[in-house]
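Everything below concerns the one structure shown next.
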Amino acid sequence: MIKKILIANRGEIAVRIMRTCREMGIHSVAVYSEADQTARHVVYADEAYLLGPAPANESYLVIDKIIEIAKKSGADAIHPGYGFLAENPIFAQRVEENGLIFIGPKPKTIALLGDKMAARQIMEKANVPIVPGMKEPISSTQEALQFAQEVGFPILLKAAAGGGGKGMRVVRQESEIEEMFLRAQSEAQSAFGDKRIYLEKYLEKPRHIEIQILADRYGNVIHLGERECSIQRRHQKVIEESPSPIVDEALRNKMGQTAVTAAKASGYVNAGTVEFLLDQDNNFYFLEVNTRLQVEHPVTELITGLDLVREQILIAAGEKLSLGQEDIQFHGHAIECRIYAEDPDNEFMPSVGTIFNYREPGGPGVRVDSGFSRGDTVPIYYDPIIAKLITWGQNRDQAISRMKRALDEYVIHGIQTIIPFHRRLFELKDFVTGNLSTHFIQEHFDQSNELERFSEEELQALAALVCAVDYSEKKRASGFISQKPIQNWKMIQRYCQLINR
Ligand code: MV4
């Protein structure tokens, strides 16, 4: 039995986990940094303890302190959320050594799947399709050249310790290999302290599709369908949805079965996500396993009716899965917009400050998971995600209509957010028709190419139009202009400089 859980996290995900705790009659324990004294997760929890100063490595990443608080408060278990210590096998190990339950996979599984090359080897043995590539790290450009001659260009250099696109380099021709290899190595070294690089065939404009799985400790594994996460910017997801507009029932069953195989092959227990790349011919390839609850889990919750945090807690408490694959049914369509405190008019720079007015959208089919309220200050120290806006509809069109309405209803004053960027995205024909890829944002928002087609006069007219539309949009959405409309004119000027006009 689990009666009290310490949530080793902050913001929207900490609040999200505590909500399920409360429904289940489980007491929640918050931990917080000096920057989060009055944060929503601290207010929501049944008890709260100060960890230390604002920087994460003095607060949310201090393993000893978190375990000490867990024991002092009488917690039975720790939920790590996502980010911070969620995929740190040492943390999971320490939690268990101290007689506490880690709500997540076993430390050994986290370590194993954290090594991308080890994971590929396991999956290959289990007949899970992997991207054609090497099983060992390369030590020279000579080996890279040999590989390229076998599978053909383009090839991709990846960090063995990798993830998140760091240390990744595309090589399109022989002359680039040497330089790209050295760059990938040094980037991998500084990001992971591990410079090992291996090679894969590079897939052009794939989709990122992941399968949610649940596994209990008795070997039962089920999948909860896919999430399409192709809309991302610099390896940061922006929009996720389920089902994917391109996945039909046959492909869902096939990918789902493969994900279940992947989970069984790695001895996986708890909730997890198996990531795949889907190429333009609908072939899918294993990418990696995320050994945590993911940011985008709500879209799966909305179409399956399940509470994934509840399932995680029950699994961690040693219960058997109460559902078989035949009990899982998908209903309707869900889309999530991540609300980052970033300024889309200023190269997505983090926007910090105090939210002096705040109103969340609501109504039919709208869910908001957030970690902030009016009067709160968004600190500079952590991830810039402040909320997630999720809509559900009978079908994709309805989920989109509801999202557009909800984005218009959302009022956040005092800081910049990417809400205006989302509004533009939802107007794009390729988005509405579901024509997505991991290069979507790059292709639709890289205006430096677009502007080359225009004359000086056209550019000026365009700038005036952008200012006017932006101004009236902001006024309509909030009844308030928090940003100088001149910013967009500056943006156009910058583009003109870029293209030497
Ligand atoms: C790839 C790929 C194409 N071919 N691997 C990026 C993050 C890392 N986890 C894997 N990634 C990719 N691996 C091969 N062989 C393209 C990407 C990729 C990507 C993947 C998922 C989501 C967004 C992405 C954006 C650019 C590239």
Side-chain angles (χ1 to χ4, degrees), residues 82-83 87 113-121 123-124 128-135 137-138 144 147-148 150-172 177 180-181 183-184 187-188 191-192 194 196-211 226-242 244 246-247 255 259 262 272-292 294-296 336 338 348 425 431 435-446:
Y82 59 72
E87 288 171 285
L113 294 171
D115 183 331
K116 306 307 162 198
M117 275 176 53
R120 271 168 64 84
Q121 276 170 14
M123 297 313 159
E124 192 182 35
V128 170
I130 58 173
V131 186
M134 296 186 125
K135 309 287 170 312
I138 56 166
F147 175 78
E150 278 164 37
V151 305
F153 285 104
I155 59 168
L156 185 64
L157 309 179
K158 277 189 181 181
K166 289 217 183 75
M168 230 172 68
R169 284 285 185 284
V170 183
V171 183
R172 296 196 175 272
I177 288 190
M180 293 301 188
F181 177 57
R183 277 208 225 160
E187 200 173 309
F192 312 110
D194 177 348
R196 289 176 303 145
I197 297 291
Y198 73 101
L199 304 177
E200 283 180 10
K201 169 105 194 101
Y202 180 64
L203 307 175
E204 302 274 6
K205 296 184 191 174
R207 289 181 183 236
H208 172 129
I209 294 181
E210 56 186 36
I211 304 281
E226 79 282 6
R227 292 185 288 260
E228 159 101 48
C229 308
S230 297
I231 307 288
Q232 53 82 45
R233 198 189 148 270
R234 303 202 177 160
H235 304 294
Q236 196 185 44
K237 291 170 187 164
V238 173
I239 295 177
E240 304 96 342
E241 61 183 298
S242 187
S244 161
I246 206 171
V247 175
M255 292 182 80
T273 299
V274 185
E275 288 187 1
F276 295 100
L277 291 179
L278 188 70
D279 74 11
Q280 291 177 7
D281 303 320
N282 277 8
N283 300 306
F284 62 88
Y285 305 93
F286 169 82
L287 204 53
E288 54 190 79
V289 181
N290 297 317
T291 57
R292 60 171 189 274
Q294 290 199 259
V295 177
E296 58 271 25
E336 171 178 282
R338 295 191 183 191
F348 294 85
L425 239 155
F431 183 82
N435 184 21
L436 315 175
S437 87
T438 50
H439 289 58
F440 187 92
I441 289 181
Q442 204 178 315
E443 279 172 0
H444 289 81
F445 290 88
D446 189 356

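For ligands, and for the atoms within them, numbers begin at 1 and follow the listed sequence.
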Any nitrogen or oxygen of [X], side chain or backbone, less than 3.5 Å from one on ligand 1?
X      : answer
Glu200 : yes
His235 : no
Gln232 : no
Leu277 : no

Give a yes or no on this: more than 12 heavy atoms of other residues, nucleotides or ligands lie within 6.0 Å of atom NZ of Lys166. no
Less than 4.0 angstrom from a charged side-chain N to a carboxylate O is my criterion; do [X] and [Y] meet it?
X      : Y      : value
Glu204 : Arg172 : yes
Arg227 : Glu336 : no
Glu288 : Lys158 : no

For [atom], which protein heavy atom lies nearest, and how many Å away is it?
atom                    : value
atom 21 (C) of ligand 1 : His208 ND1, 3.2 Å
atom 11 (N) of ligand 1 : Met168 SD, 3.6 Å
atom 7 (C) of ligand 1  : Gly165 N, 3.6 Å
atom 13 (N) of ligand 1 : Lys158 NZ, 3.1 Å
atom 4 (N) of ligand 1  : Leu203 N, 2.9 Å
atom 19 (C) of ligand 1 : Thr438 CG2, 4.0 Å

CG of Leu425 to CZ of Phe440: how many Å apart, nearest 0.5 Å? 5.5 Å
Hey, which atoms in ligand 1 end up nearer than 4.0 Å to a heavy atom of [X]?
X      : answer
Leu156 : 1 (C), 2 (C), 4 (N), 5 (N), 13 (N), 14 (C), 15 (N)
Lys201 : 4 (N), 14 (C), 15 (N)
Val131 : 15 (N)
Glu288 : 9 (N)
Tyr202 : 3 (C), 4 (N)

For side-chain hydrogen bond (donor to acceptor under 3.5 Å, both in side chains), just list the numbers for Ser244 and Glu226, CA-CA rounded to whole Å, side-chain angles, deciding distance to a tenth of an Å, and then say yes or no. CA-CA 7 Å; Ser244 161; Glu226 79 282 6; 5.0 Å; no
Contact between His439 and ligand 1, counting heavy atoms under 4.0 Å? no
Testing Leu156, Ile197, Leu157 one by one against Met168 for a side-chain contact (heavy atoms from CB on, under 4.5 Å), which residue passes? Leu156
Any Ile209 side-chain heavy atom under 4.5 Å of Phe284 side chain: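 Of all side-chain heavy-atom pairs linking Phe284 with Ile209, none is under 4.5 Å.
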Using modelled atom types and a 3.5 Å cut-off, is there a donor and acceptor pairing between side-chain atoms of Glu210 and backbone atoms of Glu275? no
Closer than 3.5 angstrom, by distance alone: can the side chain of Arg207 be matched with the main-chain N or O of Asn282 as a donor-acceptor pair?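 Side chain of Arg207 to backbone of Asn282: no pair is present.
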